[in-house]
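To keep things clear, I will list the structure first and then write my remarks on it.
Numbered from 1 within each chain, the chains take letters A, B, ... in sequence-line order. Small disclaimer: the values here were computed from a predicted structure and weren't measured.
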Number of protein chains: 2
Amino acid sequence: MIAILGGVTNIEPIHRGGRGARDRILRAAAELFARDGIHATGIARLTDVAHVSTRTLYQHFPSKDAIVAAYLRRFITETPVPAVAQLARDDLDPRARLLALFLEPAPPPDGVVRGCPFHNAAVETAGTMPEVAELVEQHKRTFTHRLAEVAAEAGARDPETLARQLALLFEGARALSTSLNDTRPVQDAHELAKTLIDQAITPSQRPG
Amino acid sequence: MIAILGGVTNIEPIHRGGRGARDRILRAAAELFARDGIHATGIARLTDVAHVSTRTLYQHFPSKDAIVAAYLRRFITETPVPAVAQLARDDLDPRARLLALFLEPAPPPDGVVRGCPFHNAAVETAGTMPEVAELVEQHKRTFTHRLAEVAAEAGARDPETLARQLALLFEGARALSTSLNDTRPVQDAHELAKTLIDQAITPSQRPG
DNA sequence: CTCCAAGTATAGCGATCATTTTACTTTCGA
DNA sequence: TCGAAAGTAAAATGATCGCTATACTTGGAG
């Protein structure tokens with residue numbers, strides 16, 4: 001049972017009293033884990049950026065692994081990855097929502113392009129954190145499922161197949177952008193997605 | 001100037017005398033970095049698997065970073081990533097070579113699917129190792145270039161575009177396989193690649 | 001006002017990191 | 001055969017890791 005008080009984002013069990021240390025920790029984690037990586041971000045750095053003492057941090061989380069898990073969970077329950085949030089926009093028709101996934105992301109301030117936080121976490125942890133691996137898998141599965149729903153809404157002949165294709169394209173765009181340190185692949189993915197979507201909606205026209 | 005003696009793989013400057021410590025180190029690196037990740041692999045573990053003393057390791061490489069760079073360089077100069085090696089097979093026609101990229105990889109012994117070593121290195125180092133970032137970018141660029149060559153050979157109307165699409169698909173297949181810990185996306189990529197290649201070769205048939 | 005949870009700062013824990021050092025042994029071509 | 005290079009084992013470097021412990025300060029509800 002989740003109480004929603006005022007307009008404040010408050011999903012996790014309410015930690016009574018106190019002034020938002022937990023929140024600052026998670027916002028610091030969102031910034032540092034995504035930008036510098038999980039291994040490269042130590043607890044000390046986390047407490048510095050969050051303006052939180054070590055003790056407070058460990059009163060909110062039992063371990064760093066738990067912070068990593070909470071960091072990912074937040075992208076699911078509270079602040080979705082921006083691209084994924086596009087799927088929920090009610091000012092766009094379904095086709096436009098699918099394409100909005102591939103809008104060019106803002107260039108990173110430090111010049112280093114970073115990919116999907118979930119995928120990055122999977123790469124960094126390499127199966128050593130079962131909870132993280134589980135969260136990543138779950139997220140990618142529900143993401144593909146959401147894609148299929150929107151694809152169906154858009155009138156795709158085979159929504160599941162289109163969804164898997166777009167998921168593939170999305171992951172490829174992010175990953176290749178990271179490898180090349182350039183967001184050009186997102187544009188390529190956008191164009192390819194457009195033709196795939198249109199082919200999947202328009203009745204088949206190929207010979208045979 | 002590089003001397004090629006006998007049939008032995010010997011590209012780096014010849015370290016006279018001695019019995020292959022350098023080689024064992026790099027083979028251990030290939031196994032451990034790829035499977036467990038770069039950060040998770042310590043020098044101690046590297047020396048254990050390579051059956052090499054710490055001192056010997058540091059007589060061959062100035063630092064761990066240098067080992068990481070050499071590990072990646074080896075995939076370029078000596079033992080290409082298996083999928084990339086498919087592009088060079090002379091028993092297949094160009095179209096089949098492009099498709100061979102997406103043959104299902106052998107399932108990992110430990111049950112943890114790992115993606116492209118170059119991409120993984122980019123994610124793990126997050127721009128903190130300039131030489132590594134440079135090697136990853138270079139590799140992805142030349143990979144796409146090779147794709148374009150084979151695409152041209154296969155008679156693609158626009159080889160560069162097809163190459164970028166296939167590169168996107170390849171990266172996506174590997175990355176999503178890592179995230180989902182399942183190689184299913186490689187099959188999806190295979191199917192999509194087939195239609196993309198055929199559409200790119202067959203004269204356009206779409207309305208307009 | 002007063003109490004207490006939530007917060008602060010900081011020192012220190014053992015473990016592990018990459019790297020260096022000391023001292024000794026093997027291999028092999030000249 | 002003999003000397004130098006390449007190898008070995010193992011201890012110690014200082015730094016940093018995640019995490020704990022000690023001692024003190026705040027802020028807001030009853």
Side-chain angles (χ1 to χ4, degrees), chain A residues 3 5-6 8 10 12-29 32-33 36-71 121 124-126 128-132, chain B residues 3 5-6 8 10 12-29 32-33 36-71 121 124-126 128-132:
Chain A
L5 314 170
V8 194
N10 216 334
E12 302 270 346
I14 298 157
H15 291 265
R16 57 192 184 282
R19 269 287 280 129
R22 183 192 180 86
D23 212 72
R24 289 204 305 281
I25 293 166
L26 287 175
R27 273 190 283 122
L32 297 173
F33 286 163
D36 303 333
I38 293 169
H39 276 120
T41 300
I43 296 290
R45 182 153 251 246
L46 220 38
T47 57
D48 281 0
V49 173
H51 299 291
V52 154
S53 68
T54 314
R55 180 161 223 258
T56 299
L57 183 141
Y58 279 100
Q59 263 163 356
H60 284 282
F61 301 96
S63 67
K64 185 183 177 180
D65 290 18
I67 301 180
V68 176
Y71 148 78
E124 281 210 73
T125 60
T128 60
M129 298 186 191
E131 194 179 358
V132 169
Chain B
L5 314 170
V8 193
N10 216 334
E12 302 270 345
I14 299 155
H15 290 266
R16 55 192 184 283
R19 270 288 280 132
R22 181 191 182 88
D23 212 72
R24 289 204 305 280
I25 293 166
L26 285 175
R27 273 189 283 122
L32 297 174
F33 286 163
D36 303 332
I38 292 169
H39 277 121
T41 301
I43 296 290
R45 179 150 254 243
L46 219 38
T47 57
D48 280 0
V49 173
H51 298 291
V52 153
S53 69
T54 313
R55 180 160 221 260
T56 299
L57 184 142
Y58 278 100
Q59 264 162 355
H60 283 284
F61 301 96
S63 68
K64 185 184 176 179
D65 290 17
I67 301 180
V68 176
Y71 148 78
E124 280 211 74
T125 61
T128 59
M129 298 185 193
E131 194 179 359
V132 168

Can you check whether B:Ala66's main-chain N or O pairs, donor with acceptor, with B:Glu131's side chain at less than 3.5 Å?
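No; judged by distance alone, with no hydrogens or angles, the pair does not exist.
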Distance-only, no hydrogens or angles: does the A:Lys64 side chain make a donor-acceptor pair with backbone N or O of A:Ile38 under 3.5 Å?
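Yes, A:Lys64 side chain to A:Ile38 backbone: donor-acceptor pair under 3.5 Å.
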With 3.5 Å as the limit, what N/O pairs link the protein to nucleotides 13-16 of chain C?
none

Could you tell me which residues satisfy side chain to side chain contact (heavy atoms under 4.5 Å, CB included) with A:Ala50, sequence neighbours excluded, listed by chain and number?
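A:Ala50 satisfies side chain to side chain contact (heavy atoms under 4.5 Å, CB included) with A:Arg24, A:Ile25, A:Ala28, A:Val52 once adjacent residues are dropped.
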Which residues share a side chain to side chain contact (heavy atoms under 4.5 Å, CB included) with B:Ala29, sequence neighbours left out
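Per chain and number, B:Ala29 pairs via side chain to side chain contact (heavy atoms under 4.5 Å, CB included) with B:Phe33, B:Leu46, B:Ile67, B:Tyr71.
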Separation of B:Ser63 OG from B:Met129 CE (nearest 0.5 Å)
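The OG atom of B:Ser63 is 8.0 Å from CE of B:Met129, to the nearest 0.5 Å.
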As an exercise, state the distance from NE2 of A:His51 to OG1 of A:Thr56, rounded to the nearest 0.5 Å.
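Interatomic distance, A:His51 NE2 to A:Thr56 OG1, rounded to 0.5 Å: 13.5 Å.
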Look at A:Arg24 and C:dA6 and indicate whether a side-chain polar atom (N or O) is within less than 4.0 Å of OP1 or OP2.
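Indeed not, no polar side-chain atom of A:Arg24 lies that close.
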Whole angstrom value for the distance that separates [atom2] of [N] from [atom1] of [X]:
X	N	atom1	atom2	result
A:His60	D:dC19	NE2	P	16 Å
B:Gln59	C:dT20	CD	P	12 Å
B:Arg22	D:dA5	CZ	C1'	16 Å
B:Ile25	D:dT8	CD1	P	9 Å

With salt bridge (charged side-chain N to carboxylate O under 4.0 Å, His left out) as the rule and sequence neighbours excluded, what pairs involving residues 41-63 of chain A come up?
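Non-adjacent pairs meeting salt bridge (charged side-chain N to carboxylate O under 4.0 Å, His left out): A:Asp36-A:Arg45.
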Is a side-chain donor-acceptor pair under 3.5 Å present for A:Thr125 with A:Thr128?
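No, no side-chain donor-acceptor pair sits under 3.5 Å.
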Identify all pairs in which a protein N or O lies below 3.5 Å from an N or O of nucleotides 12-18 of chain D, and state each distance.
from: D:dG18; atom 1: OP1; to: A:Lys64; atom 2: NZ; distance (Å): 2.6
from: D:dG18; atom 1: OP2; to: A:Ile43; atom 2: N; distance (Å): 2.9

DNA chain D contacts made by residues 45-56 of chain B, counting heavy atoms under 4.0 Å:
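Nucleic-acid contacts, sorted: B:His51, B:Val52, B:Ser53, B:Arg55, B:Thr56.
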Which atom pair, heavy atoms only, marks the closest approach of A:Phe61 to A:Ala70?
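The pair with the smallest heavy-atom distance is CE2-CB, 3.8 Å.
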If every non-hydrogen atom of A:Ala21 is compared with every non-hydrogen atom of A:His60, which pair is closest and at what distance?
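Closest approach of A:Ala21 to A:His60: CB-NE2, 3.9 Å.
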Intermediate values then yes/no, side-chain contact (heavy atoms from CB on, under 4.5 Å), A:Val49 and A:Leu32:
CA-CA 9 Å; A:Val49 173; A:Leu32 297 173; 3.7 Å; yes
